[in-house]
Amino acid sequence: MARGEQQAAEAIAAALADLGFSARPVDLRPIPFEGTWGLATSAAYALGNEVVMRELEERGQLEGLSKKEAKTLAGASVRERVPVLARQIAERVAAAGNPLFGSVEAVNGYVNIAFDANAIAAALIGEVLERGSRYGQGAPIAESVMVEHSQPNTHKDFHVGHLRNSVLGVAIGNILRAAGYEVKDANYIGDIGMHVIKCLWCYERFHKREEPARLEDRGRWLGEVYAESDARLNFRKDVLDFLQLLAREDQQFVATIDRMLKYLWRKGAEGEDIAYLLGRITHAQPIKDELLRDDEVIPRFWPIVGDQLRAEVAAPRPYVPVEGEPEPTMTPEERLERWEALAEHMDEWWGPSRGWRDEVRATLARWEAQEPEFVALWEETREWSMVGFRRIFEELGATFDVWFYESEVEEEGRQIVRDLLEQGIAEISEGLPVVKIDEKLGLSEPTYRTLPILRSDGSTLYSTKDLALTRRKFEEFGVDRAIWVVDVRQSLYFQQIFKILELWGFEQARRAQHLDYEMVRLPEGVISSRKGNAPLYVDIRDAVVARAREIIEEKNPELDATRKEDVAWDVALGSLKYAMLARDTSKVVVFDLEEALSFDGHAAPYIQYAHARASRILEHAGETDESLLAQLEGLDFGALQPEELGLLQGIAALPDEIQRAAAEYRPLLITSYVYELAKRFNDFYHACPVLQSPEPTRTARLALTAATRRALANGLALLGIDAPEEM
RNA sequence: GCGCCCGUAGCUCAGCGGAUAGAGCGCUUGCCUCCGGAGCAAGAGGCCAGAGGUUCGAGUCCUCUCGGGCGUACCA
């Protein structure tokens with residue numbers, strides 16, 4: 001195929017030289033029509049313009065004309081000249097008589113070179129079958145690339161957001177490898193950080209030794225403990241924020257607040273706090289926790305608020321917009337729901353929660369002091385999470401050459417911070433080391449802003465660790481390029497990290513690159529572990545695999561049981577991965593379980609099905625890639641059908657698609673490719689009988705079927721999707 | 001404020017500066033005695049958010065406007 005392209009390019013270049021044009025790059029692309037196999041160039045358009053302008057120039061007709069006027073003058077003659085030039089080029093290419101070219105035509109100003117498919121199909125199919133799983137791969141490139149992805153946090157759950165990351169990271173690694181790069185896949189486990197401290201605080205304080213008996217259940221349970229810690233620690237703020245929200249947007253609430261608080265006051269609550277609440281709420285101002293004196297007041301006030309909200313739901317009044325007031329963000333029902341959620345813990349949490357943040361700080365100090373008992377607890381619980389992660393990575397087909405852990409780079413990070421401070425790149429501001437990047441770069445507009453690189457108590461931040469990690473990737477592993485697959489919200493952050501390292505004189509930071517992608521959302525909105533609405537990977541996987549089993553039972557009940565189970569996994573995981581990849585990285589993925597459970601249409605099973613059909617045809621014929629490879633001599637399709645030509649063109653396109661997907665970091669291109677190829681195969685086997693055809697067509701079509709199957713399997717493999725031979 | 005991203009069919013999305021802007025879902029109508037109907041064929045459905053510009057040629061590149069999302073000092 002590469003040969004066909006090269007010969008077309010040479011033939012056009014020769015034709016242009018013959019016509020007296022200087023050497024120039026010529027665009028070549030597939031002829032974009034169904035049932036064609038060949039290449040087209042639009043060279044005549046550029047030449048037409050060039051020629052006409054030159055002629056006008058020589059005749060002095062452009063003098064005194066503006067560019068616009070010159071263009072208008074030239075327009076008509078350009079339009080006339082283009083088809084003429086195209087015809088001249090086509091005639092010369094045809095005259096050269098290349099046996100690979102079936103026809104050379106000038107159409108609409110394009111020069112279309114159609115291949116003599118019979119002449120090169122054998123070469124193409126031979127290349128595909130011979131290279132097998134390596135078909136499509138590029139020549140080795142002497143550049144090593146580290147692709148960091150997956151980065152789950154221990155002590156937290158692995159949800160659908162992490163799924164996009166892992167699937168994307170795996171695919172990008174595969175694609176770069178296939179393109180010829182030397183790729184190292186790296187994971188970076190978030191095994192330390194504030195979330196771990198919070199989780200362990202909550203565990204020790206409220207749930208010690210309540211963990212499930214089975215080791216494999218503990219990771220998830222730990223995630224729940226983390227979520228609880230967050231809810232506990234934010235409780236006071238959540239309550240006060242909610243009151244402020246009511247004050248801002250619930251007119252009825254504000255109207256009755258005076259009466260509500262007087263009632264409370266009569267019940268004997270402290271007057272000072274009540275006066276404070278009244279003032280803040282009637283003026284819709286934030287309520288400051290530290291100004292509340294009596295921890296009894298809010299819990300006593302809460303039921304009264306609930307009564308009011310219930311009354312508002314029971315007897316809704318129309319919302320009256322007020323000039324200058326913001327629209328309400330919550331309906332009365334939502335407000336009541338929110339109130340109920342907070343009420344659940346009010347009595348138990350409100351008072352004690354005052355001291356919780358200090359307790360967490362003390363827990364962090366135990367980590368910082370590397371207190372043996374605490375470190376042992378950390379190690380044990382960390383492993384609970386890791387057990388689950390390893391299983392998930394195995395299921396996803398994610399393998400790693402390098403495992404980084406945040407806990408390993410803390411010290412090294414501190415070292416870099418010290419150095420940055422000594423060199424005056426970092427400074428102490430508001431009590432903590434930061435780098436004022438814009439200032440250092442002399443930028444007046446806020447661009448890179450300021451990044452804290454260590455907490456004021458000396459404990460490490462994410463940034464502390466990433467400074468060290470970046471250096472390690474280049475120095476310890478000697479990679480030429482390092483890519484971080486991390487969602488788009490961290491874009492500024494990574495620019496800051498890399499810029500700081502550059503300021504520090506670490507030149508290789510220029511070869512560090514954040515590969516960002518958009519978020520996964522739910523139909524009902526943003527995924528939030530605080531709202532507890534993050535669908536967990538394991539749950540989604542179970543649901544999708546169960547659905548796949550049902551469909552197999554329905555479509556192919558004769559399959560033996562273990563095959564059924566394998567296929568259910570291939571289809572379910574394939575479908576899930578495909579959905580994550582078949583959307584550009586710049587687009588938000590809306591994850592809808594209902595959609596994920598449908599295997600119709602533009603989805604992995606469509607492509608897997610085409611692969612299975614191809615496999616079945618070959619099985620019926622008793623042919624394999626090897627046996628067909630031996631029969632390629634004198635391969636003869638007879639009169640080629642449009643569907644066959646389209647399929648050949650599709651198979652031939654894989655190597656270029658891989659190169660482009662690698663250059664642009666876009667697995668989407670591969671998802672589009674395999675879908676398109678599956679579609680073409682579908683067209684082919686509906687239009688062209690294979691097994692019933694007379695020889696030599698039969699063998700030719702079998703060979704084409706085998707090559708298609710290979711290209712489909714290789715394309716899917718790049719996406720981390722398995723292609724079953726039956727389903 | 002500043003920065004990044006998105007805006008294409010009812011919905012979800014493709015679309016390498018090039019030929020008649022395409023898929024899937026949903027809707028309407030056909031197709032299993034025929035290599036497997038997880039499929040195929042046909043139909044309806046578009047001022048490519050808007051305005052300028054660059055170009056022989058713009059959904060695609062540039063500028064601006066509008067609408068939406070995200071980020072913006074001790075979370076990761």
Side-chain angles (χ1 to χ4, degrees), chain A residues 27 29 31-33 40-42 44-50 52-53 67 71 74-75 78-79 81-82 107-110 112 151 153 156 190 193-195 198 230 406 429-436 445-457 459 461-463 465-466 486-493 495 516 518-519 521 526 551-552 554-556 571 582-584 586-588 590 592 595 598-603 605-606 608-610 612-614 616-621 656 660 664 668-669 671-672 675-676 679 682-683 685-687 689-693 701 705 726-727:
Chain A
D27 74 301
R29 53 211 179 85
I31 303 172
F33 300 121
T41 178
S42 63
Y45 284 89
L47 292 173
N49 187 56
E50 190 181 308
V52 168
M53 291 308 273
K67 223 174 162 191
K71 239 173 90 172
V78 170
R79 272 190 294 281
R81 191 62 70 89
V82 167
V107 185
N108 283 340
Y110 289 85
N112 291 346
Q151 314 105 332
N153 286 335
K156 267 187 174 180
M194 219 48 203
H195 68 281
K198 286 181 189 174
D230 212 73
E406 285 192 30
S429 167
E430 293 169 33
L432 70 155
V434 302
V435 180
K436 295 186 173 170
E445 282 295 299
T447 308
Y448 296 100
R449 299 162 192 270
T450 296
L451 185 71
I453 52 177
L454 202 65
R455 286 199 190 91
S456 50
D457 64 3
S459 60
L461 288 167
Y462 195 54
S463 56
K465 293 169 272 195
D466 250 327
V486 180
D487 79 63
V488 68
R489 290 174 306 182
Q490 253 101 284
S491 292
L492 174 61
Y493 166 76
Q495 287 183 49
D516 61 334
E518 263 293 353
M519 306 297 303
R521 253 187 257 177
V526 182
I551 292 181
I552 292 162
E554 179 194 320
K555 308 266 185 194
N556 200 355
V571 167
R583 195 124 312 170
D584 227 324
S586 61
K587 293 269 170 66
V588 171
V590 176
D592 185 346
E595 248 168 59
S598 161
F599 302 138
D600 295 334
H602 190 173
Y606 177 90
Q608 292 169 317
Y609 183 70
R613 291 295 299 270
R616 177 52 58 89
I617 291 170
L618 294 166
E619 190 191 315
H620 277 300
D656 284 351
R660 189 155 84 95
E664 300 177 15
L668 165 71
L669 298 177
T671 65
S672 297
Y675 180 71
E676 181 63 25
K679 206 174 186 48
N682 238 324
D683 291 343
Y685 77 69
H686 277 93
V690 177
L691 298 174
Q692 281 100 333
S693 293
R701 287 181 175 168
T705 300
E726 52 183 347
M727 59 189 274

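Because only heavy atoms are used, hydrogens play no part in the values below, and waters and symmetry mates are left out as well, while side chains stay in. Note on naming: letters A, B, ... go to the chains in the order of the sequence lines (proteins, then strands), and numbering restarts at 1 for each one.
When the P atom of B:G17 is taken as reference, atom OH of A:Tyr45 falls 17 Å away, rounded to whole Å. Atom CZ in A:Arg521 sits about 13 Å away from atom P in B:G68, given to the nearest Å. The nearest whole Å value for the distance from the CG atom in A:Asp27 to the P atom in B:G17 is 11 Å. The interatomic distance linking A:Tyr448 (OH) with B:C2 (C1') rounds to 14 Å, in whole Å. Between the C1' atom of B:C16 and the CD atom of A:Glu664 lies a distance of 7 Å, rounded to the nearest Å. Note: CE (A:Met519) to P (B:C4) measures 20 Å, nearest angstrom.
Going from the P atom of B:A49 to that of B:U8 covers 6 Å, rounded to whole Å. Taking atom C1' on both nucleotides, B:C75 is separated from B:A51 by 42 Å, rounded to a whole Å. For the P atoms, the distance from B:G68 to B:C25 is 32 Å, rounded to whole Å. B:G59 and B:A9 have their C1' atoms separated by 14 Å, with the value rounded to a whole Å. Across B:G17 and B:G57, the matching C1' atoms stand 8 Å from one another, rounded to whole Å. Comparing B:A44 with B:G7, their P atoms sit 27 Å apart, to the nearest whole Å. Taking the C1' atom of each, B:C61 and B:G15 are spaced 16 Å apart, rounded to whole Å. Only the C1' atoms considered, B:U65 is 23 Å distant from B:U55, to the nearest whole Å.
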### Message
For A:Glu406 and A:Asn153: C-alpha separation, side-chain torsions, deciding distance, then whether side chain to side chain contact (heavy atoms under 4.5 Å, CB included) applies.
### Response
CA-CA 10 Å; A:Glu406 285 192 30; A:Asn153 286 335; 4.3 Å; yes
### Stepwise side chain to side chain contact (heavy atoms under 4.5 Å, CB included) check, A:Arg701 with A:Tyr685
CA-CA 9 Å; A:Arg701 287 181 175 168; A:Tyr685 77 69; over 6 Å; no
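Take A:Asn108 and apply the side chain to side chain contact (heavy atoms under 4.5 Å, CB included) test, not counting sequence neighbours, and it matches A:Tyr110. Residues meeting the ring pair (Phe, Tyr, Trp, His ring centres under 6.0 Å) test with A:Tyr493, sequence neighbours left out: A:Tyr462. Remark: A:Tyr675 pairs with no residue by the side-chain hydrogen bond (donor to acceptor under 3.5 Å, both in side chains) rule, at least two apart or across chains. With sequence neighbours excluded, the residues forming a salt bridge (Lys or Arg N to Asp or Glu O under 4.0 Å) with A:Asp27 are A:Arg29, listed by chain and number. Taking A:Arg449 as the reference, nothing meets the side-chain hydrogen bond (donor to acceptor under 3.5 Å, both in side chains) condition, with sequence neighbours excluded. Remark: A:Arg489 pairs with A:Asp487 by the side-chain hydrogen bond (donor to acceptor under 3.5 Å, both in side chains) rule, at least two apart or across chains.
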Name the pairs: protein N/O against N/O of nucleotides 11-14 of chain B, kept only if under 3.5 Å.
from, atom 1, to, atom 2, distance (Å)
B:U12, O2', A:Arg583, NH1, 3.0
B:C13, OP1, A:Val588, O, 3.3
B:A14, OP1, A:Asp584, N, 2.8
B:A14, OP2, A:Lys587, NZ, 2.3

Check: protein-nucleotides 51-54 of chain B nitrogen or oxygen pairs below 3.5 Å:
none

Check: protein-nucleotides 61-67 of chain B nitrogen or oxygen pairs below 3.5 Å:
none

### Summary
Annotated structure of RNA chain B as dot-bracket, pair cut-off 3.5 Å, Watson-Crick or G-U only, | for inter-strand, is (((((((..((((....[...)))).(((((.......))))).....(((((..]....))))))))))))....
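Note on A:Asn108: every side-chain N or O is 4.0 Å or more away from OP1 and OP2 of B:A19.
The shortest heavy-atom contact between A:Gly48 and A:Val82 is CA-CG2, 4.2 Å. The two atoms that bring A:Ser463 and A:Pro452 nearest to each other are OG-O, 2.8 Å, heavy atoms only. Nearest approach of A:Val434 to A:Ser429, heavy atoms of both residues: CG2-CB, 3.7 Å. What you find for A:Arg583 and A:Leu668 is that their closest heavy atoms are N-CD1, 3.9 Å. The minimum heavy-atom distance between A:Pro605 and A:Met727, with the atom names listed, is O-CE, 3.8 Å. Across every non-hydrogen atom of A:Ala44 and A:Gly109, the tightest pair is CB-O, 3.5 Å.
Other residues, nucleotides and ligands contribute at most 12 non-hydrogen atoms within 6.0 Å of the CZ atom of A:Arg79.
Residue contacts shown for A:Ala40 include a base, since a base heavy atom lies under 4.0 Å away. Within the 4.0 angstrom heavy-atom criterion, no nucleotide atom of any strand lies near A:Asp466. Using a 4.0 Å heavy-atom criterion, one finds that A:Arg81 contacts no nucleic acid atom at all.
Because its glycosidic torsion is within 90° of 0, B:C32 is reported here as syn.
Looking at A:His195, its side chain does come within 3.5 Å of a backbone N or O of A:Gly190 through a donor-acceptor pair. The closest donor-acceptor contact from the side chain of A:Arg616 to the backbone of A:Glu726 lies at 3.5 Å or more, if one exists at all.
In this structure the side chain of A:Arg455 reaches within 4.5 angstrom of the side chain of A:Leu461, judged on heavy atoms.
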### Message
Can you build the contact string for nucleotides 71-76 of chain B? Use B for base contact, S for sugar-phosphate-only contact, and - for no protein heavy atom under 4.0 Å.
### Response
BBBBSB
### Summary
Per-nucleotide protein contact along nucleotides 31-44 of chain B, 5' to 3', at a 4.0 Å heavy-atom cut-off (B base, S sugar-phosphate only, - neither), is ----BBSBSSS---
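Looking at A:Ser459 and A:Asp457, their side chains do bring a donor and an acceptor atom within 3.5 Å of each other. A:Tyr609 and A:Asn682 share no donor-acceptor pair across their side chains, judged by distance under 3.5 Å alone.
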